[in-house]
Amino acid sequence: MAKKKLKEHIINRDWCKGCGICVAMCPKNVLELDQEEKAVAVRIQDCIVCQLCEQICPDLAIEVVIEESSAKGEPEAKDD
Amino acid sequence: MAKKKLKEHIINRDWCKGCGICVAMCPKNVLELDQEEKAVAVRIQDCIVCQLCEQICPDLAIEVVIEESSAKGEPEAKDD
Amino acid sequence: MDVKHYLRERFFPHIWCAGCGHGIVLNALIRAVDELQIKKKEMVMVSGIGCSSRISGYVDFHSLHTLHGRALAFATGVKMGKPELNVIVPMGDGDALAIGGNHFIHAARRNINITAMVMNNRTYGMTGGQYSPLSGIGIKATTAPYTNIDRDFDTVELATAAGATFVARTTVYHVKQLQDFLKKAIQHNGFSMVEILTQCPTYFGRKNKKGSAVDMLQSFKDGTVPIGSDKKKENPELIERGIFVDKELPEYCQAYERIVEIATGR
Amino acid sequence: MDVKHYLRERFFPHIWCAGCGHGIVLNALIRAVDELQIKKKEMVMVSGIGCSSRISGYVDFHSLHTLHGRALAFATGVKMGKPELNVIVPMGDGDALAIGGNHFIHAARRNINITAMVMNNRTYGMTGGQYSPLSGIGIKATTAPYTNIDRDFDTVELATAAGATFVARTTVYHVKQLQDFLKKAIQHNGFSMVEILTQCPTYFGRKNKKGSAVDMLQSFKDGTVPIGSDKKKENPELIERGIFVDKELPEYCQAYERIVEIATGR
Amino acid sequence: MTRYRIIFSGSGGQGLVSAAIILAETAVMHENLEAVQSQSYGAAARGGATRADVIISDGPINLPKVFQPGILICMTQEAYNKFSNLIRPGGLLIVDSKFVKTTQRVDARQVELPLHQTVMDEIGNPVVLNICVLGALIGMCGIVKKSSIEKTLAEKFPPAFMAGNQMALDIGFEMGFEHAE
Amino acid sequence: MTRYRIIFSGSGGQGLVSAAIILAETAVMHENLEAVQSQSYGAAARGGATRADVIISDGPINLPKVFQPGILICMTQEAYNKFSNLIRPGGLLIVDSKFVKTTQRVDARQVELPLHQTVMDEIGNPVVLNICVLGALIGMCGIVKKSSIEKTLAEKFPPAFMAGNQMALDIGFEMGFEHAE
Amino acid sequence: MGKNIAFVQGNEACALGAMYAGLDFYAGYPITPSTEIAETLAVKLPAAGKKFIQMEDEISSMCAIIGASLTGNKVMTATSGPGFSLMQEALGYAVMTEIPCVVVNVQRGGPSTGNPTHVSQGDVNQARWGTHGDHSIVALTASNHQDVFRMTVEAFNIAETYRTPVILLFDETVGHMREKLVIPKEGSIPLVQRLRTSVKEGVNYHPYLPREDGRLPMSDFGGAHRYNVTGLYHDMWGFPTDKPEVVQELLKHLIDKIENNAHKITFHRSYYLEDARTVLISYGSAARSALSAVEQLRNRGQRIGLLELNTIWPFPAQLVRESTRGVNLVGVVEMNVGQLTQMVKLAVGKPKKVSLINRVDCQMITDKDIKKVLRVLQGRGV
Amino acid sequence: MGKNIAFVQGNEACALGAMYAGLDFYAGYPITPSTEIAETLAVKLPAAGKKFIQMEDEISSMCAIIGASLTGNKVMTATSGPGFSLMQEALGYAVMTEIPCVVVNVQRGGPSTGNPTHVSQGDVNQARWGTHGDHSIVALTASNHQDVFRMTVEAFNIAETYRTPVILLFDETVGHMREKLVIPKEGSIPLVQRLRTSVKEGVNYHPYLPREDGRLPMSDFGGAHRYNVTGLYHDMWGFPTDKPEVVQELLKHLIDKIENNAHKITFHRSYYLEDARTVLISYGSAARSALSAVEQLRNRGQRIGLLELNTIWPFPAQLVRESTRGVNLVGVVEMNVGQLTQMVKLAVGKPKKVSLINRVDCQMITDKDIKKVLRVLQGRGV
Ligand SMILES: Cc1ncc(C[n+]2csc(CCOP(=O)(O)OP(=O)(O)O)c2C)c(N)n1
Ligand SMILES: Cc1ncc(C[n+]2csc(CCOP(=O)(O)OP(=O)(O)O)c2C)c(N)n1
Ligand code: SF4
Ligand code: SF4
Ligand code: SF4
Ligand code: SF4
């Protein structure tokens, strides 16, 4: 499968409750909570598009948008 | 333990419903159902005092009375 | 032994049909209690509704004849209310495992010192022969005229998984084993469950052409084997008899005593 | 994938607390359904009452939010009423195994093609943190201020003993495995049960000093191992994740079809 | 308006409820009469004496239970002891002479028939005793035609049972007919 | 008869229900007043805005809910938006200046206090914010004596919490007292 | 005589009525004296390609029929006293969610396990008030198999028309006795089919927005419209709300749809009411004895009549008022401590005119019992 | 101020009342808005060496307290609407077997799951008729914590005196609100201890043979006397029977022991009734608003009074009749569709004088609401 390339993180600030799960789970420490306790992607360049943040967000507030070319690709399976 | 000796079978005719279980289960074929469909001990001499009839009677209608001398003895355990 | 010492004679002959296995269970139970030399006033029978449940009325113990399926819930109150009592709960398969299934698993889980006797005749005798959760596939019943498609529980496995600390199975054919298991179950400190295969010649027998009560008794002999028997390997249909679980774990009322100690700072 | 395609957006943000694991289950569920490419109109969610049960209101499927503990009974009617539907039943541990325990074991026994998700947060979240049958000994809860003495069920063992033909366990930490198990469970032809360890930071976490939602998630990583892992031998406290049972047996609605054939002489 | 009020009594296994139903059903299905049948249920039915009530009439029937039977059939001593005092003065009391010793004095015609004995002697199978009872009843009292009963039997039982039923019905009918008034 | 009708509003984690209870309990236990406290429950409480009502009086109180608060405290924007129109004309509206932008025009005295900011700056722990709110309230309005609140705090909390609570109460009290009329 | 005559138990007549009405799905748990309904349907339903299931208890039975109803089936369960008590929570759910279903309670002696094999009419008020919270309910009854059949069919019709559970409140005597039943020809009793929405797929469907006439068209689960069903107070989409105005409106709707249509769902039989100075009011098997008593007294020249109620709830107050206007004495014949008598008193307005004629020993009340009490009430001693 | 004052929720006041009354055993299952009762007792009972258990559901909770009562304990459970519906079968068992027990129902919005966190008084008739079969029941209520406490104590007293379940029918408002509670000194409310048989071991004890005064002395399970307890109709030894005369006598006993003692178990408060021309009748939290309205109208010179009922069942008909004699207008203030209004109408005798003043949107009825309706009823427009 082609390596996926990040387009952007869409974070729904109305839905995010600031639990910090995405921040803690991101393997690359891409995300942070801001002043208003909402998640923001601060180190976008580090993102490996694993989509874990998207999939583990209990508020369904994160969408990791992938560059068109690879957008149809299956998300990488990851588990221990 | 001393071998038990039969004194008598007391069969409660008011309680016996004539199901025939004692008749069928007695290893020595001691019992029969009579005209009125009540159990009676007809071959007393063959009785080995195993007390199975007493213990399996669903109507609690049979008492196998043992000669005094050995009356206090534990009933023989029997099972397969 | 003097059977009548334990019976409420004025209600005999009992209401069960000729050849009904429930009477054999009653017979075994009082022998077990007699051998354990438990005083009658220390014995409580708590039952639900069903032919089987009527057993509690025939014994000269404290007896509580309750609601269909709820006996173990009442019994939990009795036992916690006075933990020194011996509490025995006879139940039909419907009573224990259809409507009463939840109380069954929860009493087992708590490991409360109650003895549950599941008198499994594979049908609802009291209401006239409908299928039960222990009837099994292929059986006929008034509510399964075209044969039953409901799988049956394995009572032993269910009790074990739910947490019972004493689990045994036998049949009314094996009266000595039955007495023995009941004794052990009563003595066990924790939730004990004895499944007893028993016959309902009137409904289960008749509907399923199982012959007379005697034939049905015989089938318990032929259809069961001791745990671990080689025969079971040849014929997996055979049902195992024996003690499946027997372990010590904290008993509920005793655990509660500890809570009282903590709370009262004793 | 477009998550919102499956959501009833106007009810978001949802009512769950910040960090509640129930949202992760919702997240995984819609991904599973998406991957299976099941049409929304072929999906029915039937839930009981509890924080977990609210999940059914958030998905754009047919949704039936019923009574505490009874979801599987309602679901049995839905499934038999229209066997072509995919019926999913999300339940809290109280909903599934306290008040709902009986329907749980009977649905499993019948092997009716329903997927039960037990969202196990070891407490009654909705009513404010009482102990549940999955809390376990030693836990604190509003109704166990001096610690809990109630043993917990092993949900996997109970479902297995009751007859479920697909039985799995995972956690909300293991989101990929969760999605995978949900997919397999939905595809399974028969009763499937997935136990999902999930966190209630608000009550279970706070009462038991389990830290933040993140800490609790982490504990699912550290406290669980794949089935058969050697680590489990060293540390029996570890909880196994994986698929415990996966077998084919006649499904209830299909078995019923056979009865109709017999009855109609087809 | 003719009205028959009948009680069949005996023990659980004797099939008397069936007999009552066959009689009542015959009246309704084959003789254009009205009939109501009821029976005792429960513990009373499982243990002791069974009882089945039948009322047959050419007009509507309101009360479904028989309080004073014009015809009482007792097939066990227990049933006889329990029910014989219910009988309507001048009524008819039929008992099986093997099972019942008629002790009480009732203001009714008592007919003792060796139904069980005859069935055992001539057919050898007690399951058809109830049909024999039915035969005796209609032999003695009419109520419905024998041929109508036969129709009902044919509808309700598989052909294999027909011969036995027919024999039992005939035997009973004859014994009853001898006592017809 | 003096009667205070107070609503504390904000979000779930802010401890405003506790603040309300402490206030009401203090009135009853240490000032021989009557008080009734109630709060919103359920989904509303879990998600959106919390609300806790307190009525304090020197006579019996019948109605347990506040319909028109004389004093309204809003600790989030949502709470402000939802409740500010309830206020009694001429009442007092206290908001936290960090969380609330006072947009609506209400016929009441609006006091904006940097409670959260001050607590974070001077104590660094938001859990005592609610006590600070309470301090501000009694600093501004009296209602009960500060020393009485201190008694209640001492009764309800373990000693370890006392210092923090006291600081928060003092800070709030001072800020409130400045705005006392 | 053709096949359209049957000699059956009342319970069988009920089962046959349900089949006639188009029953698709039955779930139940056996209990005396209602079991024969299940046993008959266990034979009939599969033979008609329809569904029968014996559940683990009464609670799950009630839940299962609600679930099955939502997938577009006509559904029923049957039970007796103890089982009916267990069904109360789920019955209230059906009320709140407006799911059509029929619940049979063949009454036996209560309270508690009471007297399982004997007759009583002790569950009349429970049928009305057994579940928690304000609500209305429909309950029908019958004294003979022809009416058992017909009321069963009407129960389905009412359930489907008003989207409500309908209770069939029979009793042990009627349930167990056998008598003639003439099975009506197909079509001779009109059947109400479920009103389904005409809203097309993709267009907004409001499952809980009543039409002008108060009716709520349904959409089957699995069909074009995905919506929510909940036992919480809910808005027109079926989503939970606690908005006071929505709550009040929903409760009013639940009550009004029944009470305002009471006249349309009132079934009864009148006997000799025209010139009656004494009127008996009765229902269920008690009405058989009442009719017998009335006919005997008529023969002796008394101006007495009988109003037999087939609809018990909503209580037909207007019918009772009209039928007792100008009457000297109203005797309510029932086998309980006077549960419906209270409603009659309220309806008649002059409580003192109304007397209870009853029996509470779990034995069928007889014509003699009734005549005896009437003599006393009429001042003629014993 | 000493330790005898507490500032607590109504639910805590109930728990404290139960402890005062000598509660030995509590079994329950959490449900809003009654959970705090269990939570309080989970702390208090173990600390007093007594028993607390959380069961698997409400059914088992009700069963467990009955079992525990038989071993000689004072017992209680608490729940709300849905749980109360589930308890109905076992509640009837307690009625039939005459087992003392206290059942708290903190009412919330119904039917069904309804409105769990808001107030209603919709379970009044269910408390009376929720279980199947004829029976009588005792139900008490309260509008303030002092009365919550006191009625809880009285509930135990009545349960023990009459061997009956007693229902405490509180509501969400009272249950959840906090106010002052003065905990009475030990002994200041007399406690009824269970009447135990004086029959000696070995001598025949008849557990179900009422004494002359109708009371039935008990013998604890585990004690000297072994007897049978069953929910079937039973004879004086507690053994099942269906003998008509025994059945009837038992039912009459169950009803008479409550109804004939109604005057002894009627608790109420009267406000300004002496010269009142308008009387409000209310109970539970609604009575707080009613009192508020009455006081305001009194201030304006209206001759209006309030009868607050603490005993709802057996319905205090005589008290209501006496309190409304010569009155022009009776307004029944309740938060349901008029469940007690019907009883008031029957009691007052002139139904037209009686009007319902209610609210059914799960919001607390206010003084304003009441005054508004009163204006209309008094012909003074809105
Ligand atoms: C709540 C309730 N539901 C149903 C019944 C009817 N009922 C009585 S006993 C019984 C089942 C009896 O079967 P089982 O428990 O297996 O005992 P058995 O009679 O076979 O010994 C049923 C369904 C009841 N009494 N109460
Ligand atoms: C019959 C009934 N009993 C009790 C309740 C109260 N209740 C609602 S949810 C719940 C338990 C919630 O716990 P769980 O099922 O584990 O789900 P969670 O909220 O933790 O997700 C309880 C006891 C109820 N609604 N209905
Ligand atoms: S996609 Fe993966 S790497 Fe990128 S932000 Fe999300 S969790 Fe971090
Ligand atoms: S004691 Fe044994 S041998 Fe003797 S009669 Fe009984 S069963 Fe037969
Ligand atoms: S019906 Fe069956 S279970 Fe019941 S007494 Fe008869 S044989 Fe026994
Ligand atoms: S209370 Fe617990 S289970 Fe409920 S939403 Fe909050 S965190 Fe989740």
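Please read all numbers here as calculations on a predicted model, not as lab measurements. Below, read A as the first sequence line, B as the second, and so on, with proteins coming before strands; counting in each chain starts at 1.
One finds the CE atom of M343(G) at 9.0 Å from the CG atom of L346(H) (value rounded to the nearest 0.5 Å).
I59(H) touches chain G through its side chain: at least one heavy atom from C-beta onward sits under 4.5 Å away, while N, CA, C and O do not. For L232(G), the parts lying under 4.5 angstrom from a heavy atom of chain H are both the backbone and the side chain. Using a 4.5 Å cut-off between heavy atoms, I255(H) touches chain G through its side chain atoms alone.
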Show, in sequence, the C-alpha distance, side-chain angles and deciding distance for V337(H) and L251(G), and conclude whether the side-chain contact (heavy atoms from CB on, under 4.5 Å) test is met. CA-CA 9 Å; V337(H) 294; L251(G) 182 64; 4.2 Å; yes

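If you tally non-hydrogen atom pairs under 4.5 Å between each of P240(G), G338(G), P244(G), G110(G) and chain H, the highest count goes to P244(G). Ranking P351(G), G109(G), G122(G), P116(G) against chain H, the residue ahead of the rest is G122(G), based on heavy-atom pairs under 4.5 Å.
Checked against side chain to side chain contact (heavy atoms under 4.5 Å, CB included), A262(H) has the following partners two or more places apart in sequence or in another chain: P314(H).
Counting all heavy atoms, side chain and backbone alike, P111(H) lies closest to G92(G) at CB-O, 4.4 Å.
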Across chain G and chain H, going purely by atom type as modelled, what donor-acceptor pairs are there at a distance under 3.5 Å?
unit_1, atom_1, unit_2, atom_2, d
G81(H), O, H132(G), ND1, 3.3
S85(H), OG, H132(G), N, 3.3
S85(H), OG, H132(G), ND1, 2.7
G110(H), O, Y233(G), OH, 2.6
S112(H), N, H132(G), NE2, 3.4
S112(H), O, H132(G), NE2, 2.8
T113(H), N, G231(G), O, 3.4
T113(H), OG1, G231(G), O, 3.1
T113(H), OG1, L232(G), N, 3.1
G114(H), N, G231(G), O, 2.9
G114(H), O, Y233(G), N, 2.9
G122(H), O, G133(G), N, 3.4
D123(H), OD1, G133(G), N, 2.9
Q126(H), NE2, G130(G), O, 2.9
G130(H), O, Q126(G), NE2, 2.9
H132(H), N, S85(G), OG, 3.3
H132(H), ND1, G81(G), O, 3.2
H132(H), ND1, S85(G), OG, 2.8
H132(H), NE2, S112(G), N, 3.4
H132(H), NE2, S112(G), O, 2.8
G133(H), N, G122(G), O, 3.4
G133(H), N, D123(G), OD1, 2.9
D134(H), OD1, V337(G), N, 3.2
D134(H), OD1, Q339(G), NE2, 2.8
D134(H), OD2, V337(G), N, 3.2
G231(H), O, T113(G), N, 3.4
G231(H), O, T113(G), OG1, 3.1
G231(H), O, G114(G), N, 2.9
L232(H), N, T113(G), OG1, 3.1
Y233(H), N, G114(G), O, 2.9
Y233(H), OH, G110(G), O, 2.6
V337(H), N, D134(G), OD1, 3.2
V337(H), N, D134(G), OD2, 3.2
Q339(H), NE2, D134(G), OD1, 2.8

